[in-house]
Amino acid sequence: MSAPIPVIWNPNAGGKLRGPLGPPTAESLQEMFDNAGFAARLIATDSAEGAKAEVRSLRDAGAQLIVAAGGDGTIGLVASELFGSAVTLGVIPLGSVMNIPRMLGLPRDTHEAVRLLAQSPATAVIDVGESNGEVFFEAASVGLHAAMFNTAHQFDDGKWGSPLRAIWMALRYRPGRMVIQLDGSAQIQTRALMAVVANGQYAGPGMTLAPDARLDDGQFDVRVFSHFSKAELLRHLGSIMFGRRAYAPRVETYRAAEVRITSHRPLPCRADSVDLGMTPLDCRARVRVLKVVVGPEFRSGRAA
């Protein structure tokens with residue numbers, strides 16, 4: 001009989017939700033695995049370093065599959081210890097937004113995600129981005145998007161007025177002059193409210209910032225929002241939240257594996273949930289570094 005599959009579980013994931021929509025308990029999560037016929041060993045983690053040490057130990061001991069049960073942060077944390085290894089990452093989404101599972105085509109219902117894992121699902125080898133030394137799975141950004149979410153993110157730290165400050169900041173934000181260098185050669189000079197270097201389709205609160213980006217095509221989609229008024233851009237961002245897709249003919253799109261963004265004045269930068277300070281922003285694609293379980297809705301960018 002094979003050993004149970006390790007499941008790195010964040011007990012705090014989804015803690016903002018209450019009642020029937022809240023996160024499962026250890027007992028109910030274990031019961032889901034048992035009912036699906038999936039032999040699992042839950043490993044509760046109470047710190048990022050503890051979780052990473054556990055993943056390294058499992059990886060070095062020869063684990064073939066390690067499951068991350070939590071939000072996007074937990075998934076990224078587990079994944080970061082598996083780059084370049086033969087270990088497959090499985091995912092049980094327990095957070096509130098879940099951009100990474102969405103991009104992997106995975107069910108966001110916990111029961112369905114457990115059942116998928118038990119059915120010998122398909123796998124893919126995907127890319128990640130690296131920006132100013134930080135790994136990102138979703139997108140890095142310069143300008144208004146980074147400024148808003150750097151401020152709004154403080155809500156999680158108990159600064160309850162931060163969403164209002166983010167809106168106030170957006171209304172006062174001025175477009176910035178940027179130079180965007182693609183793969184060390186082509187240069188785009190623009191005056192834009194924001195630029196996004198997207199590894200996948202979604203970022204922030206499920207915003208479809210780069211609907212055609214793919215996790216396994218070896219390149220970023222670089223999206224430049226240069227012809228919007230602030231009011232138009234805020235309406236557009238609202239229209240693409242939670243995975244929705246809106247037609248945006250005025251967004252310019254470029255593709256590259258290496259991107260450098262400089263600016264006339266310092267502009268805020270962000271990669272996934274990490275505040276990167278001010279420009280310049282340097283991004284490179286780390287191609288085919290992570291083997292993951294994918295769902296039936298996974299949209300590959302690789303040529304057949």
Side-chain angles (χ1 to χ4, degrees), residues 97 99 102-103 129 131-132 136-153 163 165-183 186-214 219-283 285:
V97 177
N99 287 328
R102 194 190 300 268
M103 292 188 294
S131 180
N132 294 8
F136 65 92
F137 297 84
E138 303 165 22
S141 62
V142 171
L144 179 58
H145 179 267
M148 286 180 64
F149 286 97
N150 284 347
T151 299
H153 189 67
R165 285 198 297 274
I167 294 171
W168 177 245
M169 176 188 296
L171 294 174
R172 300 183 63 190
Y173 190 85
R174 293 181 295 119
R177 295 190 182 277
M178 306 179 193
V179 177
I180 304 172
Q181 188 172 37
L182 306 175
D183 289 332
Q187 284 193 351
I188 298 106
Q189 298 191 35
T190 185
R191 189 170 185 268
L193 281 168
M194 69 185 208
V196 176
V197 181
N199 186 50
Q201 302 102 297
Y202 308 107
M207 288 181 175
T208 315
L209 287 174
D212 297 320
R214 297 293 174 262
Q219 292 186 306
F220 299 119
D221 277 25
V222 183
R223 304 268 284 171
V224 182
F225 295 75
S226 56
H227 301 294
F228 286 81
S229 70
K230 282 179 284 189
E232 288 172 333
L233 182 58
L234 289 173
R235 283 199 300 271
H236 176 71
L237 294 179
S239 74
I240 60 174
M241 290 180 70
F242 310 118
R244 292 175 293 180
R245 176 170 177 165
Y247 179 56
R250 287 179 293 177
V251 182
E252 298 158 323
T253 303
Y254 308 90
R255 306 194 76 237
E258 294 188 8
V259 181
R260 178 174 173 83
I261 302 178
T262 56
S263 57
H264 179 71
R265 61 182 169 86
L267 297 175
C269 305
R270 185 178 184 86
D272 288 355
S273 63
V274 179
D275 180 351
L276 295 180
M278 297 293 181
T279 46
L281 178 78
D282 289 285
C283 302

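We use all heavy atoms of the structure for the numbers below, so side chains are in, but hydrogens, waters and symmetry mates are not.
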Heavy-atom closest pair, residues Tyr202 and Arg102 | CE1-CD, 3.2 Å
Could you check Phe225 against Val196 for side-chain contact (heavy atoms from CB on, under 4.5 Å), going step by step and ending with a plain yes or no?
-> CA-CA 8 Å; Phe225 295 75; Val196 176; 4.1 Å; yes
Distance in Å, Met194 CE paired with Leu209 CG, rounded so as to fall on 0.5 Å steps | 5.0 Å
CD (Gln181) and CD (Gln187) are apart, to the nearest 0.5 Å, by 5.0 Å
Value for CZ (Arg177) from OG (Ser263), rounded to nearest 0.5 Å, stands at 12.0 Å
Taking the side chain as every heavy atom from C-beta outward, state whether Leu182 and Ile188 have any pair of such atoms under 4.5 Å apart.
-> yes
Output yes when a side-chain donor or acceptor of Asp272 lies under 3.5 Å from a complementary backbone atom of Ala140, and no otherwise.
-> no
Distance-minimising heavy-atom pair for Thr279 and Cys269 = N-SG, 3.4 Å
Ser273 versus Phe136: any side-chain heavy-atom pair under 4.5 Å?
-> no
Within-4.5 Å side-chain heavy-atom neighbours: Ser131 and Leu276 = yes
Can you tell if the side chain of Asn132 reaches within under 4.5 Å of the side chain of Asp282, non-hydrogen atoms only?
-> yes
Looking only at heavy atoms, the pair that brings Asn99 and Gly204 closest together is ND2-O, 2.8 Å
Side-chain ion pair, Asp275 and Arg270, N-O less than 4.0 Å = no
Would you check if Leu267 and Met178 make a side-chain contact, meaning some heavy-atom pair closer than 4.5 Å?
-> yes
Taking the side chain as C-beta and beyond, is there a heavy-atom pair between Glu252 and Ser226 under 4.5 Å?
-> yes
Quick one: are Met278 and Pro268 in side-chain contact, heavy atoms under 4.5 Å?
-> yes
Flag, side chain of Asp221 to backbone of Asn199, donor-acceptor distance under 3.5 Å = no
Which atoms form the tightest heavy-atom contact between Arg265 and Pro175, and what is the distance?
-> NH2-O, 3.1 Å
Taking all heavy atoms of Pro280 and all of Thr262, pick out the closest pair and write down the distance.
-> CB-CG2, 3.9 Å
Determine yes or no for a side-chain-to-main-chain donor-acceptor pair under 3.5 angstrom, with Asp183 supplying the side chain and Val259 the backbone.
-> no
Below 4.5 Å, heavy atoms only, C-beta onward: do Ile180 and Val224 meet side chain to side chain?
-> yes
Which atom of Gly200 lies closest to which atom of Met103, heavy atoms considered | CA-SD, 3.4 Å
Can you measure from CZ (Arg223) to NE2 (His145) and round to the nearest 0.5 angstrom?
-> 12.5 Å
